[in-house]
Amino acid sequence: MFMILLLFVLKHVDTTLLGLSREEAQKKPYIASMGIYVIKKDVLLNLLRCQFPMANDFGCEIIPAAAKECIVKAYIFNDYWEDIGTIRSFLEANLALTDDLPRFSFYDDTRPICTSRRNLPPSMINDSKVMDSIISHGCVLDNCSIEHSVIGLRSHIGSNVSLKDTVMFGADFYEADVERSRLLAEGRVPIGIGENTTIRKCIIDKNARIGRNVMIINSEGVQEADRSSEGFYIRDSIPVIPKNSTIGNGMVI
Ligand SMILES: *[C@@H]1O[C@H](CO)[C@@H](O)[C@H](O)[C@H]1NC(C)=O
Ligand SMILES: *[C@@H]1O[C@H](CO)[C@@H](O)[C@H](O)[C@H]1NC(C)=O
Ligand SMILES: *[C@@H]1O[C@H](CO)[C@@H](O)[C@H](O)[C@H]1NC(C)=O
Ligand SMILES: *[C@@H]1O[C@H](CO)[C@@H](O)[C@H](O)[C@H]1NC(C)=O
Ligand SMILES: *[C@@H]1O[C@H](CO)[C@@H](O)[C@H](O)[C@H]1NC(C)=O
């Protein structure tokens with residue numbers, strides 16, 4: 001049994017204990033917990049239920065205290081790692097996957113990435129310009145321009161849409177053409193991004209509905225905003241469209 005938890009602790013220590021040479025240890029005296037812990041299930045339950053029922057934090061409380069009685073070992077990881085605890089670092093780490101020589105590569109037989117199988121069809125890309133981007137399965141890109149972006153599963157992107165420096169999560173389901181037509185006829189917004197919309201440096205969560213003739217460019221450079229009634233937030237000057245939100249036709253952000 002193992003658990004993966006995302007925690008982050010930075011400590012100044014003697015890193016020769018972890019196998020670095022004296023010289024290397026002087027250059028690299030800090031260790032950060034990557035938050036990946038492998039713990040026997042019965043030990044974990046005992047720690048949480050009996051020994052430390054009030055503890056909130058593995059890295060600061062439970063593991064250091066458990067080390068007094070249990071066998072606790074740390075392994076050094078001296079490779080690419082990124083903390084994605086802020087909106088900006090999350091966006092930048094995702095976009096970095098599109099670099100010419102990405103620091104992390106998914107395209108490596110020796111490091112397989114296991115994800116849930118969805119058996120989606122390949123993406124259908126019609127008359128579009130796609131540069132420096134990653135496009136997931138099941139997308140429909142119709143006469144649009146996508147640059148330096150990561151596009152998730154089942155994304156539907158309409159004609160004359162321009163997307164740049166954007167992470168789009170995609171959708172959990174498809175909307176059939178008849179459903180899309182019905183929504184459009186009623187003046188409502190189907191899942192995906194409607195015609196003529198321009199988006200720059202934005203995070204779009206799953207199942208978002210972004211209308212036609214929308215501009216998400218944060219032209220005024222707003223740092224922080226909570227406009228959830230209109231379907232968005234701005235964090236560290238990055239517009240974020242939360243899950244299931246709708247951005248109405250013609251909106252300018
Ligand atoms: C792609 O383009 C072809 C030719 O214009 C058209 O028949 C087809 O419906 C288009 N697909 C989409 C998803 O727009
Ligand atoms: C694609 O969009 C461009 C404008 O971005 C437009 O000029 C062109 O007619 C469109 N092509 C199709 C097949 O819709
Ligand atoms: C897209 O923009 C063109 C030119 O401004 C306009 O003629 C067209 O109606 C727009 N499309 C939609 C769906 O609003
Ligand atoms: C494409 O959309 C832009 C707005 O982003 C608009 O100015 C332009 O007229 C549209 N082009 C066409 C061919 O619809
Ligand atoms: C999004 O909508 C789905 C149903 O369409 C619902 O199950 C889910 O809880 C919603 N999530 C959020 C964060 O609103």
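Predicted model only: the values in this text are computed from it and were never measured. Counting starts at 1 for both ligands and their atoms, following the listed order.
Residues of the protein with a heavy atom under 4.0 Å from ligand 3 are E195, N196, R212, N213, listed by chain and number.
Residues T86 and R235 bring no donor and acceptor atom of their side chains to less than 3.5 Å of each other.
Under a hydrophobic clustering in which Ile, Leu, Val, Met, Phe, Trp and Tyr are joined whenever their side-chain heavy atoms come within less than 4.5 Å, directly or via other members, L141 and I216 fall into the same cluster.
No N or O atom of K243 sits closer than 3.5 Å to an N or O atom of ligand 5.
In this structure, S105 has no side-chain hydrogen bond (donor to acceptor under 3.5 Å, both in side chains) partners at least two apart in sequence or on a different chain. Residues forming a side chain to side chain contact (heavy atoms under 4.5 Å, CB included) with S229 (at least two apart in sequence, or on another chain): none.
Listed by number with element, the atoms of ligand 2 under 4.0 Å from a non-hydrogen atom of D127 are 13 (C).
Cation-pi geometry between R154 and Y174 is met: under 6.0 angstrom from the ring centre, within 45 degrees of the axis.
Look at K27 and E23 and you find no salt bridge, because none of the NZ, NE, NH1 or NH2 atoms lies under 4.0 Å from a carboxylate O.
Other residues sharing a hydrophobic cluster with M54 under the 4.5 Å side-chain heavy-atom criterion for ILVMFWY residues do not exist; the residue is a singleton.
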